[in-house]
*Asks:* 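Quick one: the structure is below, questions incoming.
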Amino acid sequence: MKPASLEAYRDVAPPGTVEFLYRLSEKVQGRSFLHVNSTHQGGGVAEILMRLVPLLNDIGVKTSWEILEGTLEFFRVTKAFHNALQGEEQVITEDMYETFLECNRHNAARLPLEADLVMIHDPQPAALVLARKVPGTWVWRCHIDASRPQRRVWTFLRRFVERYDAAVFSLPKFAQRLAIPQYLIYPSIDPLSDKNRELSDSEVAGILSRLGVPQDKPILLQVSRFDRFKDPVSVINAYRMVKRRNECRLVLAGGGAADDPEGKVVLAEVREAAGRDPDIHVLELPPDAHLEINALQRAATVVLQKSTREGFGLTVAEAMWKGKPVIGGTAGGITVQIVYDLTGYTVNSVEGAAYRIRYLLNNPEAATRIGRIAREHVRRNFLITRHLADYLTLLHVWADGGGRCKNPGPTPW
Ligand code: UDP
């Protein structure tokens, strides 16, 4: 899909947004901005960069995006880091630390790491900072919930993080004790991407029929990588409780991310939990199934994101944007997107999820009201245009004075 230009957002972003962005972009014309992450598709980070990089170029910032090249072993190690940083106990050996460093060294030698602002996303490429060249500014962008990490892994990672000029987190509660400035920038969704753009009822019906999901009864949906932190088995258990009284189908749709080797194991667990129930649809989707996810979210009556740990949880904003009531786990960014009983429901148990699903199925007017407010909450806070403004401000502040600037830029703390 052709990337949209800023002009295309006039009708969808809050009034005045496009003019504001043009004005802000005047301050950073011709600046260079490099992003590095570890996968070009699958997961929220790639999802955002795919849309933000072309838009930044469209308004005059020379933006590029490089992908870390890693072996399967490296991604096993970084998945263990990821789990440990999100608070799960893991065994990390000296060899694993060495695998991590070796991969970062290899990539430091092959990637063009020069720009006015270099933004390194997440832990996988964090050690690239050892190869930094003056005078560019380096920022570490952390998308995960590392607020209660396994200490040993955080101590290891922190050595690299503190070599950056600043760190950016997705939520205030993810902030760390660090000797560098920290910024808060919420992630975002693109309302004009295939994942989120308007679809007609007939397009939705055609896609659901191709996916083998009948629209004969209300659809409960969770879209996620097959990852234990997304808690798909609890979603099946909640559906079973609901199903005793309410007719419905459950769709669990997801695929793997290239940097997540655990997905197959979790998918097998999900299939086993689903058993032979013809009303449970476990859909393994390719990474570019954006229209399919869009159609599923539009066809759903209730959307779930019952994560136990979450970075931000973009799937929540995606469903809210489509006017859907979302029931989410009380985790990570789900808690800033879902304002209880206003834009959705946060829950802490399978029973709580089942209770709220039944409430929404039995009270369609409440579901409609919540969905309408949810969409406006996303329009104001979680669209790509707001994200673009935050990154332009960061670029302006750091590229024009390297943090010595008096203007504090995006919310520091
Ligand atoms: N996604 C996708 N295909 C899948 C599963 C997820 O395209 O099979 C997308 C989903 O629509 C969302 C992103 O990947 O845009 C997931 O972001 P989120 O923040 O919810 O979770 P993460 O995977 O980054 O933990």
Side-chain angles (χ1 to χ4, degrees), residues 1 37-52 75 78-79 82-83 85-86 121-124 141-146 169-171 174 185-197 207 211 221-232 235 251-264 266-267 270 281-298 300 303-322 324 326 328-329 331-338 344 378 382-384 387:
M1 179 187 188
N37 81 323
S38 60
T39 176
H40 69 286
Q41 55 186 9
V45 180
E47 189 79 23
I48 293 170
L49 289 176
M50 214 180 291
R51 307 293 301 178
L52 209 48
F75 287 119
T78 54
K79 183 70 194 196
H82 175 93
N83 291 343
L85 288 166
Q86 295 212 132
H121 296 261
D122 281 334
Q124 298 93 330
R141 174 53 166 128
C142 179
H143 295 267
I144 64 176
D145 176 0
F169 292 92
S170 295
L171 285 183
F174 292 173
I185 298 183
Y186 290 135
S188 64
I189 62 161
D190 185 342
L192 304 183
S193 67
D194 280 342
K195 176 72 58 65
N196 298 306
R197 70 177 167 84
I207 293 172
L211 291 172
L221 170 73
Q222 176 158 303
V223 174
S224 276
R225 287 179 296 106
F226 289 103
D227 177 314
R228 285 200 189 90
F229 288 124
K230 309 284 185 187
D231 211 10
V235 174
V251 179
L252 290 167
D259 59 351
D260 178 6
E262 252 175 30
K264 289 219 169 356
V266 178
L267 177 59
V270 169
H281 304 259
V282 179
L283 305 179
E284 202 182 346
L285 299 175
D288 59 352
H290 304 301
L291 278 174
E292 286 77 1
I293 289 173
N294 188 343
L296 284 167
Q297 288 166 332
R298 286 179 192 280
V303 173
L304 292 129
Q305 190 56 61
K306 221 210 123 323
S307 310
T308 53
R309 282 290 160 81
E310 190 54 81
F312 188 72
L314 281 177
T315 50
V316 172
E318 289 164 5
M320 286 169 63
W321 179 245
K322 291 158 190 125
K324 301 298 168 176
V326 182
I334 294 177
T335 57
V336 295
Q337 300 179 74
I338 296 183
V378 173
F382 306 120
L383 290 189
I384 194 170
H387 206 164

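Whatever order the structure lists ligands and atoms in, that order sets their numbers, starting from 1. Predicted model, so just to flag it, every value in this text is computed and none were measured. Basis for what follows: all heavy atoms, side chains included, without hydrogens, waters or symmetry-related copies.
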*Asks:* Please could you name the atoms of ligand 1 that Gly255 approaches to less than 4.0 Å, counting only its heavy atoms?
*Replies:* 4 (C), 8 (O)
*Asks:* What closest approach, in Å, do Gln305 and Val223 show between heavy atoms, and which atom pair accounts for it?
*Replies:* OE1-O, 3.1 Å
*Asks:* Geometry only, no angles: is His290 polar-contacting ligand 1 at N/O separations under 3.5 Å?
*Replies:* no
*Asks:* Specify side chain, backbone, both or neither for Arg225, according to which of its non-hydrogen atoms lie closer than 4.0 Å to ligand 1.
*Replies:* both
*Asks:* Strictly distance-based, threshold 3.5 Å: is any side-chain N or O of Lys195 a donor or acceptor partner for the main-chain N or O of Ile293?
*Replies:* no
*Asks:* Just let me know how Gln305 lines up against ligand 1, side chain, backbone, both or neither, with a heavy-atom cut-off below 4.0 Å.
*Replies:* neither
*Asks:* Of the choices Lys195, Lys230, Gln297, Gln222, which has the non-hydrogen atom that lies closest to atom 21 (O) of ligand 1?
*Replies:* Lys230
*Asks:* May I ask whether Ser224 has any heavy atom positioned less than 4.0 angstrom from an atom of ligand 1?
*Replies:* yes
*Asks:* Are side-chain N/O atoms of Arg228 and Thr308 paired as donor and acceptor at under 3.5 Å?
*Replies:* no
*Asks:* Only heavy atoms count here, so choose which of Asp122, Ile293, Leu283, Leu285 is nearest to atom 3 (N) of ligand 1.
*Replies:* Ile293
*Asks:* Are any of the N/O atoms on Gly44, whether in the backbone or the side chain, positioned under 3.5 angstrom from an N/O atom of ligand 1?
*Replies:* yes
*Asks:* Restricting to non-hydrogen atoms, name the atom on Leu85 and the atom on Pro123 that form the minimum distance, rounded to 0.1 Å.
*Replies:* CD1-CG, 3.5 Å
*Asks:* Report the relative orientation of the aromatic rings in Phe312 and Tyr186; use parallel for angles under 30°, tilted for 30 to 60°, perpendicular for over 60°.
*Replies:* tilted
*Asks:* Mark up the atoms of ligand 1 that fall under 4.0 Å of a heavy atom belonging to Glu318, in ascending order.
*Replies:* 10 (C), 11 (O), 12 (C), 15 (O)
*Asks:* Once rounded to the nearest 0.5 Å, what's the spacing between atom CG of Asp190 and atom CD of Glu47?
*Replies:* 9.0 Å
*Asks:* Assess whether a salt bridge exists between Asp194 and Arg197, defined as any Lys/Arg side-chain N lying under 4.0 Å from an Asp/Glu carboxylate O.
*Replies:* yes
*Asks:* Show the numbers, then the answer: is there a side chain to side chain donor-acceptor pair (under 3.5 Å) between Gln124 and Thr78?
*Replies:* CA-CA 6 Å; Gln124 298 93 330; Thr78 54; 4.6 Å; no
*Asks:* Pull out every atom of ligand 1 sitting under 4.0 Å from any heavy atom of Gly313, numbered as shown with elements.
*Replies:* 19 (O), 20 (O)
*Asks:* Please indicate whether any nitrogen or oxygen in Leu314 is less than 3.5 Å from any nitrogen or oxygen in ligand 1.
*Replies:* yes
